[in-house]
Student: 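One structure coming up, written as structure tokens, with questions to follow.
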Amino acid sequence: MLRARPAVSHGPCSGSPTPMTDRSAVVTRFAPSPTGSLHIGGARTALFNQLYARHTGGTFLLRIEDTDRERSTQANVQIILDGLAWLGIAPDGEPVFQHARADRHREAVAAMLASGGAYRDFTPPEELEAERERARAEGRVVRSAWRDRDPSEAPQGAPYTVRLKAPLSGETVVDDLIKGRVVFQTKELDDLVLLRSDGAPTYNLAVVVDDHDMGVTHVIRGDDHLNNAARQTLIYQALGWTVPAFAHLPLIHGPDGAKLSKRHGAQAVGEFADLGYLPEALRNYLARLGWGHGDDEIFSDAEAVAWFDVTDVVKAPARLDWAKLNHINQHYIRVADNRRLADLALEVHRSRGVHIAGDRLPDLPRAVALVKEGAQTTLQLADLTLFALKSRPLALDAKTQGLLTAETRALLGRLRHRLATSPWEVPALEAAIRGFAQAEGIGIGKFGAALRGVLSGGAPAPDLASSLVALGKDEALGRIDDALSQVQ
RNA sequence: GGUCCCUUCGUCUAUCGGUUAGGACACCAGAUUUUCAUUCUGGGAAGAGGGGUUCGACUCCCCUAGGGACUGCCA
């Protein structure tokens with residue numbers, strides 16, 4: 001018999017106490033495969049696992065499923081770790097690397113072999129392929145002839161895989177927390193390969209052994225594993241282990257309802273960061289995708305933890321809706337700290353190769369405060385703050401040049417003096433501008449566009465008073481002076 | 001082909017046998033306005049189809065259609 005619960009092998013810097021302490025406590029895990037980056041669907045799976053663990057006062061673990069040595073890369077592991085960190089999803093304890101536990105997996109297989117729950121399959125690949133075709137034609141599941149043959153009949157030293165000896169009758173039930181009771185006819189479940197011919201454990205075996213050893217009580221994962229859950233149940237039974245609770249999340253589709261792919265704009269969480277989304281916004285949006293709490297749309301992490309329950313997750317797949325993500329992101333930009341946003345905007349400018357003079361930087365947070373209402377992403381925030389970051393003298397765009405007639409120049413000259421005596425605050429400057437228009441007996445339209453152009457150089461800018469404040473008195477008046485002294 | 005899952009406004013969702021089927025995003029119209037945006041007001045918009053069960057079905061059951069997953073010595 002196997003050890004009930006061997007120590008979990010941790011990552012490089014092991015030594016932290018094993019997270020599982022209370023047998024009755026909930027333990028969830030996120031188990032991504034480093035054969036690609038962290039997908040947005042995976043990110044949501046991680047989020048739900050974390051929310052459920054936090055909600056129940058349980059533990060949330062991370063396991064890297066790197067049993068596919070060919071396709072797993074260290075770079076992808078790092079991308080996944082970075083992605084989770086960026087999103088603000090922090091697992092408890094060190095991540096478990098599945099590959100490092102291969103011996104333990106083989107040990108479990110040895111036990112199954114010994115108990116008759118598994119068998120050695122010497123079927124050569126070509127023959128297997130033929131059987132696969134036959135089985136498909138007959139509408140049944142693939143079965144190896146070696147299931148009931150004596151291994152001693154195999155040629156000496158012939159390569160073999162080890163397969164699960166699945167029962168041939170009865171029902172296998174997956175009591176899913178989201179999908180409900182799903183019944184499979186056991187004979188429809190095939191004999192999974194447990195160990196490859198090179199002795200390497202397969203995914204289905206490894207998940208079961210690791211989930212068991214890690215004390216996972218609730219397996220919350222993508223819908224695409226629902227069929228696997230039945231077959232994994234058979235492995236649990238063969239090992240004599242308790243089957244965990246399952247919760248299969250419906251997948252996230254692209255806006256057109258098709259499986260999410262590159263043509264939908266973004267899949268990896270890193271791309272969402274590059275597109276100017278805030279992690280808290282993405283978290284909120286992701287939580288609303290497939291789950292909800294009444295009419296609540298915008299909620300804090302604490303509220304999400306308090307309200308979340310896997311059983312409330314919707315059964316149908318959801319589509320990624322950029323418009324709604326934008327809206328939520330806009331909300332979080334509005335409430336975000338200006339210095340933080342300024343740094344984010346600056347990062348965008350730098351990545352765009354926009355040179356910004358150091359003396360303009362201190363004004364950025366103030367500019368951010370005045371324009372952030374209109375930004376849905378930090379990319380847009382960068383667009384909206386560009387006017388404030390330009391260096392004098394500004395290159396005026398053609399439209400502004402055209403507006404600077406002798407008459408307009410005269411108006412701006414007089415306005416400049418009025419502004420210079422005003423307190424440098426939005427209400428006061430607004431009053432000054434209105435007062436000026438009134439005194440001149442003209443509408444703001446007569447000079448407003450020109451003033452904006454002079455202040456911004458043609459880049460998008462907020463309303464006049466806000467633009468003036470965003471720039472600061474010296475810079476604003478200086479820009480006006482520059483324009484007025486410019487040779488016609 | 002086989003097994004399994006899914007189906008309420010364009011999208012995300014509420015409803016958990018009795019509601020004028022609610023909200024959000026998007027969209028349309030109007031108001032505000034010195035650009036863009038913001039803001040405010042109003043509006044259109046849904047239970048895939050067909051059978052049952054029931055006094056009464058979006059809600060429970062069955063069938064059909066459509067979508068999806070799995071069917072690998074990938075995960």
Side-chain angles (χ1 to χ4, degrees), chain A residues 31-36 65-68 70-72 98 121 123 125 128 132 135-142 159-163 174 176 178-180 182-185 187-190 192-204 206-207 222-231 248 250-251 253 255 257-259 285 288-298 314-328 330 334 371-376 380 383-384 399 433-434 437 443-453 456 458 460-465 467:
Chain A
S33 169
T35 52
E65 309 233 312
D66 53 355
T67 51
D68 185 341
E70 300 282 304
R71 299 192 302 148
S72 298
Q98 191 159 66
D121 181 10
T123 312
L128 218 201
R132 224 189 295 285
R136 193 184 176 95
E138 292 169 28
R140 61 170 175 81
V141 119
V142 173
Y160 63 88
T161 59
V162 176
R163 285 182 184 271
V174 174
D176 196 274
I178 296 169
K179 306 284 185 182
V182 183
V183 181
F184 296 82
Q185 292 306 309
K187 66 169 165 35
E188 303 290 351
L189 305 174
D190 57 8
L192 290 169
V193 169
L194 270 16
L195 247 37
R196 298 182 243 257
S197 50
D198 64 357
T202 60
Y203 160 76
N204 279 295
V207 225
D223 213 339
D224 47 340
H225 290 287
L226 185 54
N227 287 293
N228 281 335
R231 304 192 288 179
H248 288 93
L251 270 23
H253 289 165
K259 195 171 171 179
Y285 175 71
R288 277 296 283 117
L289 218 50
W291 175 79
H293 182 264
D295 287 341
D296 297 301
E297 297 288 346
I298 304 276
V314 172
K315 299 163 123 178
R319 302 182 184 197
L320 188 62
D321 183 0
W322 293 96
K324 190 150 187 175
L325 207 209
N326 285 339
H327 177 260
I328 290 179
Q330 178 168 35
R334 285 179 182 186
V371 304
K372 68 177 181 180
E373 290 259 315
Q376 293 196 306
Q380 289 178 12
D383 295 339
L384 296 175
K399 185 185 160 202
I433 291 169
R434 287 189 191 286
I444 293 175
K446 279 283 182 192
F447 61 87
L451 177 56
R452 168 171 295 101
S456 70
D463 64 77
L464 296 176
S467 293

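First the proteins, then the strands, lettered A, B, ... as listed; each starts at 1. Just so it is clear, the values below take in all heavy atoms, side chains as well, and ignore hydrogens, waters and symmetry mates.
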Student: What contact category does A:Val174 fall into here, base, sugar-phosphate, or nothing, at under 4.0 angstrom with non-hydrogen atoms?
Tutor: nothing

Student: Considering every strand and a 4.0 Å limit on heavy-atom distances, what is the contact class for A:Ser72: base, sugar-phosphate, or nothing?
Tutor: nothing

Student: For B:rG23 and B:rC9, measure between their C1' atoms and round to the nearest Å.
Tutor: 12 Å

Student: Any sub-3.5 Å donor-acceptor pair from A:Arg288's side-chain atoms to A:Trp291's backbone N or O?
Tutor: yes

Student: Does a nitrogen or oxygen in the side chain of A:Ser456 sit under 4.0 Å from OP1 or OP2 of B:rU35?
Tutor: no

Student: Using only heavy-atom distances, decide whether a donor-acceptor pair under 3.5 angstrom links the side-chain of A:Glu138 to the base of B:rG1.
Tutor: no

Student: So what does A:Pro462 hit on the nucleic acid, given a heavy-atom distance under 4.0 Å: a base, only sugar-phosphate, or nothing?
Tutor: base

Student: Would you mind reading off the distance between A:Trp291 atom CH2 and B:rA24 atom P, rounded to a whole angstrom?
Tutor: 18 Å

Student: Quick one: is A:Arg163 getting a side-chain N or O under 4.0 Å of the B:rC73 phosphate, OP1 or OP2?
Tutor: yes

Student: Could you tell me the Watson-Crick or G-U partner of B:rA29, where both distances fall under 3.5 Å? Say none if there is no partner.
Tutor: B:rU41

Student: Ignoring hydrogens, what is the shortest heavy-atom contact between A:Asp66 and A:Ser72? Give both atom names and the distance.
Tutor: CA-OG, 3.4 Å

Student: State whether the number of non-hydrogen atoms from other residues, nucleotides or ligands found under 6.0 Å of A:Glu138 atom CD is greater than 12.
Tutor: yes

Student: What distance do A:Asp176 atom CG and A:His248 atom NE2 have between them, rounded to the nearest 0.5 Å?
Tutor: 6.0 Å

Student: Applying a 4.0 Å non-hydrogen cut-off, can you work out what A:Ala323 is touching in the nucleic acid: base, sugar-phosphate, or nothing?
Tutor: sugar-phosphate

Student: Contact class for A:Gly448 (heavy atom, under 4.0 Å): base, sugar-phosphate, or nothing?
Tutor: nothing

Student: Between the side-chain atoms of A:Thr202 and the base atoms of B:rC73, is any donor-acceptor pair under 3.5 Å?
Tutor: no

Student: Just checking A:Glu373: base, sugar-phosphate only, or nothing, at a heavy-atom cut-off of under 4.0 Å?
Tutor: sugar-phosphate

Student: How far does the C1' atom of B:rG42 sit from the matching atom of B:rC58, given to the nearest Å?
Tutor: 28 Å

Student: In whole angstroms, how far is the C1' atom of B:rA26 from the NE2 atom of A:His327?
Tutor: 10 Å

Student: Is the closest side-chain donor-acceptor distance between A:Thr123 and A:Asp121 under 3.5 Å?
Tutor: yes

Student: Indicate whether OP1 or OP2 belonging to B:rA24 is found under 4.0 Å from a side-chain N or O atom of A:Lys324.
Tutor: no

Student: Please confirm whether any donor atom in the side chain of A:Arg319 sits under 3.5 Å from an acceptor in the base of B:rU11, or the reverse.
Tutor: no

Student: Taking atom P in both B:rC4 and B:rC62, what distance in whole Å separates the two?
Tutor: 13 Å

Student: Please report, rounded to the nearest Å, how far the P atom of B:rA75 is from the CG atom of A:Asp68.
Tutor: 5 Å

Student: Can you measure A:Asp321 atom CG to B:rU11 atom C1' for me and round it to whole angstrom units?
Tutor: 5 Å

Student: So what does A:Ala230 hit on the nucleic acid, given a heavy-atom distance under 4.0 Å: a base, only sugar-phosphate, or nothing?
Tutor: nothing

Student: Mind checking the C1' distance from B:rA14 to B:rG30? Whole angstroms is fine.
Tutor: 30 Å

Student: Tell me what A:Gly222 touches on the nucleic acid: a base, only sugar-phosphate, or nothing, going by heavy atoms under 4.0 Å.
Tutor: nothing

Student: What is the separation between atom NE2 on A:His248 and atom P on B:rC5, rounded to the nearest whole Å?
Tutor: 12 Å

Student: Base, sugar-phosphate, or nothing: which does A:Val314 touch, judged by heavy atoms less than 4.0 Å apart?
Tutor: sugar-phosphate

Student: Hunt down the Watson-Crick or G-U wobble partner of B:rU19, both distances under 3.5 Å, from any strand shown, or write none.
Tutor: none

Student: Please report, rounded to the nearest Å, how far the P atom of B:rC5 is from the CG atom of A:Asp176.
Tutor: 10 Å

Student: CG of A:Leu320 versus C1' of B:rC12: gap in Å, rounded?
Tutor: 11 Å

Student: What is the per-nucleotide protein-contact pattern of nucleotides 57-71 of chain B, from the 5' end, where B denotes a base atom under 4.0 Å from a protein heavy atom, S denotes such proximity for sugar-phosphate atoms only, and - denotes neither?
Tutor: ------------BSS

Student: What is the nucleic acid contact for A:Phe447, judged by heavy atoms within less than 4.0 Å: base, sugar-phosphate only, or nothing?
Tutor: nothing

Student: Give one of base, sugar-phosphate or nothing for A:Thr161, where a contact means two heavy atoms less than 4.0 Å apart.
Tutor: base

Student: If we take the C1' atom in both B:rG43 and B:rA26, what is their distance in whole Å?
Tutor: 14 Å

Student: Find the partner of B:rG1: check Watson-Crick (N1-N3 plus N6-O4 or O6-N4) and G-U wobble (N1-O2, O6-N3) distances, both under 3.5 Å, and reply none if neither fits.
Tutor: B:rU71

Student: Quantified in whole Å, what is the P atom distance between nucleotide B:rC12 and nucleotide B:rG68?
Tutor: 15 Å

Student: In whole angstrom, give me the gap between the C1' atoms of B:rU33 and B:rA24.
Tutor: 27 Å

Student: Would you mind checking if A:Asp223 and A:Lys179 are paired as a salt bridge, meaning a charged N to carboxylate O distance below 4.0 Å?
Tutor: yes

Student: How far does the P atom of B:rC5 sit from the matching atom of B:rG18, given to the nearest Å?
Tutor: 26 Å

